[in-house]
Each structure stands twice: as structure tokens, then as C-alpha cells.
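In what follows, every heavy atom counts, from backbone to side chain, and hydrogens, waters and symmetry copies are set aside. Just so it is clear, the structure is predicted and the values come from calculations on it, not from any experiment.
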Amino acid sequence: GGGPCRCSQQWRAPACSIRCAGSLENGAVCTGHGVCGTNGTCVCTARANEGYWAGRACAACAEGWRGTRCDKTCPKGPNSTKLCGGHGTCDSDTEACVCYTNDDVGHWEASAHCTNCATSYWGPNCTRCD
């Protein structure tokens, strides 16, 4: 035929010379969590029912997302763009914040979003005033 060649799923033009990132698992590129763009770069999925994926091959959770399906997150807190207000870690099993309580990073109240100081601690870093 005289028409252009059609590339298989993991290859892109020109002349099907650009291979998409991510291993081919069950016939899927981008680790099965995205689609291959025209330049061979993965465009990762970001939907509640499919997860929020990131990385060159869409094999990691996008920032703020956890769990084996990258579909779990924790609250960010008022006036904060960081999970757990930036003062705790996210437990992906319970989707709850575990607030920091030490002298290096502050003593934060065990709350939904770790944005208030624990009792007897003050200031922007929730440290004890002696």
C-alpha cells in the first residue's frame, strides 16, 4: 500500500522509531497507567476510579497519592497545599494523618490535618517555650 505505516502500541513516529516508556504488561504501555503520547512520553492517568499516577513510565503515585492503586490520600488542611499540612505523614491504609511529635519538626496536635500545635507548644514550628 501507499499509505503511511501504522505503529504498534509501544512505538511512535517518525518511522515507528520512538519507543514508549514502561514495560509492556498485558499489552499495555506506560505500565498500564497511562497512554503513550506522540513523542513517546507517557501521559499518566489521573482519575478517581483508575488512580493518580506519575513518573516517566507512570509507575509511581502522583504527589499526594498513596496505596497500591494510587487512589488514597490524606487531608491537606486549611490554607495548605501539602498533605497533613506538611506536619505529618499519610497512612495510606486509613487515609489519616499521623502528626509529627518531636523536637526536630515540631509537636503537632493529633488532628485530621496536623495544622495546630499540640498542647504546651507554640509558634510557627510548634516548639516549647521555656
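Between H33 and T31, the side chains place no donor N or O within less than 3.5 Å of an acceptor N or O (distance only, hydrogens not considered). Side chains of N39 and T41: a donor-acceptor N/O pair is present below 3.5 angstrom, by distance only.
Interatomic distance, E63 CD to K82 NZ, rounded to the nearest 0.5 Å: 9.0 Å. Atom CZ of R12 sits about 9.5 Å away from atom CD1 of I18, to the nearest 0.5 Å. Note that the CZ atom of R69 and the CD atom of E50 stand 8.5 Å from one another [nearest 0.5 Å]. If you take CG on D103 and CG on N125, they are separated by 11.5 Å, rounding to the nearest 0.5 Å.
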Could you walk me through whether C58 and C30 pass disulfide (SG to SG under 2.5 Å), step by step? CA-CA 5 Å; C58 302; C30 303; 4.8 Å; no
Could you please spell out the steps behind the disulfide (SG to SG under 2.5 Å) verdict for C84 and C74? CA-CA 7 Å; C84 303; C74 283; 4.5 Å; no
Given C42 and C20, is the disulfide (SG to SG under 2.5 Å) satisfied, shown in steps? CA-CA 7 Å; C42 289; C20 291; over 6 Å; no
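Residues Y100 and T89 have side chains in contact (heavy-atom distance under 4.5 Å, counting atoms from C-beta outward). Counting only heavy atoms from C-beta outward, the side chains of S80 and H113 never approach each other to under 4.5 Å.
Counting all heavy atoms, side chain and backbone alike, A112 lies closest to C97 at O-SG, 3.2 Å. G64 and T73 get closest at one heavy-atom pair: O-OG1, 2.6 Å. Looking at every heavy atom in both residues, C117 comes nearest to W108 through N-CE3, 4.2 Å. Closest of all the heavy-atom pairs between V105 and N102 is N-OD1, 3.0 Å. The two atoms that bring W11 and R19 nearest to each other are CZ3-CB, 3.4 Å, heavy atoms only. Y121 and H107 make their closest contact through CE2-CD2, 3.2 Å (heavy atoms, listed as atom of the first residue, atom of the second, distance).
Here the two cysteines C114 and C99 have their SG atoms closer than 2.5 angstrom.
In this structure, R66 contributes its side chain and C90 its backbone to no donor-acceptor pair below 3.5 Å. Here the side chain of T45 pairs no donor or acceptor atom with the backbone of W53 at under 3.5 angstrom.
Residue N49 places its CG atom among more than 12 non-hydrogen atoms of other residues, nucleotides or ligands, all under 6.0 Å distant.
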